[in-house]
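Given the structure is predicted, the values throughout are model-derived calculations rather than measurements. Chain letters run A, B, ... following the sequence lines, proteins first and then strands; every chain starts at 1.
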Amino acid sequence: MTESFEPRIVGFLCNWCSYAGADMAGTSRIAYPPNIRIVRVPCSGRVDPLFVLKAFQEGADGVLVAGCHPGDCHYGDGNYHARRRYALMHSLLDYVGVDAGRLRIDWVSAAEGNRFAQVVAELTEQVRELGPWAGRQEREVAA
Amino acid sequence: MKATSRSDLLAWLDALSEQYTVIAPRMVDGELLYRPVHASDEVVLDFERTRLSAKSYLLPETEVILEIERQEGQVTLGEPRLDRDQVILLRPCDARALRALDALLLDRPPADAYYADRREKTSLIGLACPQLWDDCFCTSLGSAPDDASAVDVMVYKDGDAHLVEVITGKGRALMDGLEAEEVERPTPHSDRSGEQIAVLAPEDWPGLFDEAYWHQLAERCLSCHACTYVCPTCRCFDVRDDTTAAGASYTHIQRLRAWDSCMASAYRRIAGGHNPRPDKAQRLRNRYYCKFCYSPSDFGAVACVGCGRCIEVCPVGVDIAEMLANVAALAKGRSA
Amino acid sequence: MSREIQEGIRVQARELLGLGEISCVIGYEQGPKGRVRPAFVYDQAGTDRLVWDQTCHHNLVVYLHDRRKGGKTSAASRVAVVARPCDVRALNVLIHEGQVSREEVFVIGVACPGMAEGATLQAHCQRCRERVPVFYDALVGEPARVKLPADDWSDVAELEGMTPAERLAFWSREFDRCIRCYACRQACPGCYCFECLAEQVDPAWVSIAHGLSQKAFFHVMRAYHLAGRCVECQACDQACPMHIPLSLLNRKIAKEVEALFNYKAGGDPEIPPPLATFLKDEELPL
């Protein structure tokens, strides 16, 4: 696509692991692409697929949902539910034309600052290659 | 009266499209719809009825009625207007339906500025129906398949050719580009045969308000919005300030007006959550009372033209013509 | 076949209404212009109105929602409903989800020959693997002795074979026709929310604008909400005035649910719905 394209990525990060992982990346001075806009949520299980769809609708080029590693959920089983939901959501989004590469579900612990930076960098590059998301709202209104 | 060939009629539409947006029946992914046409060979002239009416070109599904620009503490307001005049080729019933919209939005001051703007910039070319189609009952509502009373120009089919009649001054202004021969012919008449349904006068409706019939009628209703959205006279809308629609943002707020449907359970819900019409039977009854009682008594126009669309699209066979006949029978039973 | 079923339904309806245990029979009748439509029969005299043919495509289980909402059919204790195998699967979903109790419904099950347009069976009936309802209180008709084909998901596969850009173009064209009448939702036995997210005001998930993205958002979300719940009765397709192939969307979800979780909607009540449970060690494609 165009040279100047900077992907806009929305990240839904769980409060207990992944958000703390992002914090760790920051305090450890690990550089990662500034393309991600972070929304802190209590748990990956709180991320209603509606949020992801809304993000894509309103112009996100990519979405990251990250939570505690399976087995480590602060609430016990929130991420297990998220895992099932997003396995389905992934294929549904792909089916309606949202390239599968635009949505990433991953697990980042509070200690994994490096891993957080790596996940964001990978997703950003992947979305950069896919180009701007063409399906966001357009020609909404007969003016 | 002018006589013209099919190809000259289509060439006329091409000529008109230089000055106007021409909206005519055309196939869109398997549905016949009134849509802007780019070339006249897309236009479908032989058809029964389009799936949707033409009302969206006067009262769009969604329109921006106010734009609020917020910048450095300043607020500017903008009022969008239609930038090009439009010509709509449509069935006489769809033209006549605009009377019901006029009655509410135009005739009594203050007129609705957006509607008035569109109405003024719109010319209507009627395509007479040769007959009543399945589900049609326009003749029961004082109209006919060839009713020219609401159009600016009327086109009748005459074998393989067409007869064109200028009805209004607005229509005369459209005629320049038409290759046609002036002929002395009486106005052609369509076949008006079909079932005549007795439609109760507006004053006869209030007495039937509490009939059990309304619950019986509505039992199968799904409370979807199909009937109201395909209806050429239904004109209810919702207004909301929006920062999320395309073209809007937190500094550029749009006030949107969009179609709404009285069939929706949330339609009548008010602040605090109270809903005066929680039951689907109340809502269906209201729709019919609006059309045949409230609209004529409050605004002077029956809000039904007998186009048959709501009968055609209802997923569960709710039939407005059947309702009219049943209600007439109920009234008769009461007075006997 | 249709005549036998029709006669069976009438006999059942007469008997049930005669016994007085049932307040209403929900079945089909012929409308004034010959189209079949849902019918509500409250007395024996009305049972002659009941018909059956291969155009009885409405899923009547949707009317059981009205009982929750205080509609007319809630007036008396128990109703009977004429139900095809797919309708009974839908009823099963409602029972599992605590929306309807089995005791309040008498199921007049139909051994279904399939719905047809002219001589051709409808697509979902051609691949139907269940010609007799999973449960019923009375069964009418003879189960057809036909070899039931396996569902090859070829319709879904055709779309899967496209590129994402082509799929986006396909669905954009389909959703663009949507008039937001919500007939799909209202005809769907699985859609029983008192307030749909499409009508929520705060937060307003869907703008009142009738734009393409609002329509797409609604349809994709509805499909997702039917994950593990869509019984493939195709009531949505039948209801849509704009002929949008909604079941093609829902079937993708049904296919994935079956592939990932080995789950079919409307079946065994002992198996928990796929999104209400999980396995700790499962490997899922993320």
Side-chain angles (χ1 to χ4, degrees), chain A residues 44-45 48-59 64-67 69-73 76-107 119 130-143, chain C residues 156 159-160 162-172 174-176 197 200 203-207 209-221 223-228 248-257 259-261 273-286:
Chain A
S44 54
D48 191 321
L50 205 57
F51 300 176
V52 174
L53 206 58
K54 194 73 185 163
F56 279 120
Q57 186 199 13
E58 296 212 6
L64 171 69
V65 178
H69 285 270
D72 294 349
C73 178
D77 54 15
N79 52 2
Y80 290 131
H81 286 290
R83 191 168 63 183
R84 283 205 158 196
R85 275 178 216 156
Y86 286 99
L88 270 184
M89 193 63 181
H90 232 144
S91 52
L92 181 62
L93 282 179
D94 187 54
Y95 189 68
V96 294
V98 185
D99 319 59
R102 295 186 186 277
L103 172 64
R104 179 157 174 170
I105 317 300
D106 222 320
W107 320 119
V119 166
L130 288 168
W133 161 231
R136 65 163 158 260
Q137 55 186 351
E138 53 193 340
R139 63 195 168 87
E140 289 287 66
V141 167
Chain C
V156 176
L159 249 88
E160 289 170 338
M162 297 179 184
T163 65
E166 286 168 344
R167 283 196 291 269
L168 180 64
F170 174 87
W171 287 114
S172 297
E174 297 295 337
F175 292 151
D176 202 29
L197 72 93
Q200 252 176 310
W205 291 108
V206 184
S207 156
H210 285 229
L212 174 60
S213 88
Q214 311 296 338
K215 299 169 186 175
F217 185 87
F218 166 72
H219 287 296
V220 175
M221 219 47 238
Y224 188 84
H225 285 176
L226 290 171
L248 191 55
L249 187 62
N250 299 339
R251 263 169 65 71
K252 168 66 175 174
I253 281 276
K255 179 182 176 225
E256 293 301 324
V257 165
L260 293 173
F261 310 122
L275 292 184
T277 185
F278 59 86
L279 299 170
K280 284 188 175 172
D281 297 324
E282 63 195 341
E283 287 288 331
L284 296 174
L286 287 175

- Item | Region of Asp48(A) that comes under 4.5 Å of a non-hydrogen atom in chain C |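 Only the side chain of Asp48(A) comes within 4.5 Å of chain C.
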
[options]: which one forms the most heavy-atom pairs within less than 4.5 Å of chain C?
options: Asp99(A), Ile105(A), Val96(A), Asp77(A); answer: Val96(A)
options: Leu103(A), Leu88(A), Asp106(A); answer: Leu88(A)
options: Pro70(A), Ala100(A), Pro49(A), Gly71(A); answer: Pro49(A)

Tell me if a side-chain donor or acceptor on [X] pairs with a main-chain N or O of [Y] at a distance below 3.5 Å.
X: Arg167(C); Y: Asp94(A); result: yes
X: Arg83(A); Y: Phe278(C); result: no
X: Trp205(C); Y: Lys54(A); result: no

Side chains of [X] and [Y]: closer than 4.5 Å at any heavy-atom pair?
X: Leu53(A); Y: Phe218(C); result: no
X: Ser91(A); Y: Lys252(C); result: yes
X: Leu93(A); Y: Tyr224(C); result: no
X: Tyr80(A); Y: Glu282(C); result: no

- Message: Is Leu197(C) close to chain A through its backbone or its side chain, or both, or neither, when contacts mean heavy atoms under 4.5 Å?
- Response: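 Looking at Leu197(C), just its side chain touches chain A.
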
- Query: Of the backbone (N, CA, C, O) and the side chain (C-beta and beyond), which part of Leu275(C) lies under 4.5 Å from a heavy atom of chain A, both, or neither?
  - Reply: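 It is both, since atoms from each part get that close.
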
- Query: Pro273(C): what forms a side chain to side chain contact (heavy atoms under 4.5 Å, CB included) with it, not counting sequence neighbours?
  - Reply: Tyr263(C), Ala276(C)

- Begin from the C-alpha positions of Phe217(C) and Phe56(A) and carry the test side-chain contact (heavy atoms from CB on, under 4.5 Å) through to its verdict. CA-CA 10 Å; Phe217(C) 185 87; Phe56(A) 279 120; over 6 Å; no

- Are Arg84(A) and Phe261(C) close enough, and set up right, to give a side-chain contact (heavy atoms from CB on, under 4.5 Å), and what steps lead you there? CA-CA 9 Å; Arg84(A) 283 205 158 196; Phe261(C) 310 122; 3.4 Å; yes

- Message: Quick one, Tyr95(A) with Ile253(C), criterion side-chain contact (heavy atoms from CB on, under 4.5 Å). Give me CA distance, side-chain angles, the key distance, then yes/no.
- Response: CA-CA 9 Å; Tyr95(A) 189 68; Ile253(C) 281 276; over 6 Å; no

- Message: Shorter than 4.5 Å, heavy atoms on both sides: which option in Val156(C), Val206(C), Thr163(C), Thr277(C) has the most such pairs with chain A?
- Response: Thr277(C)

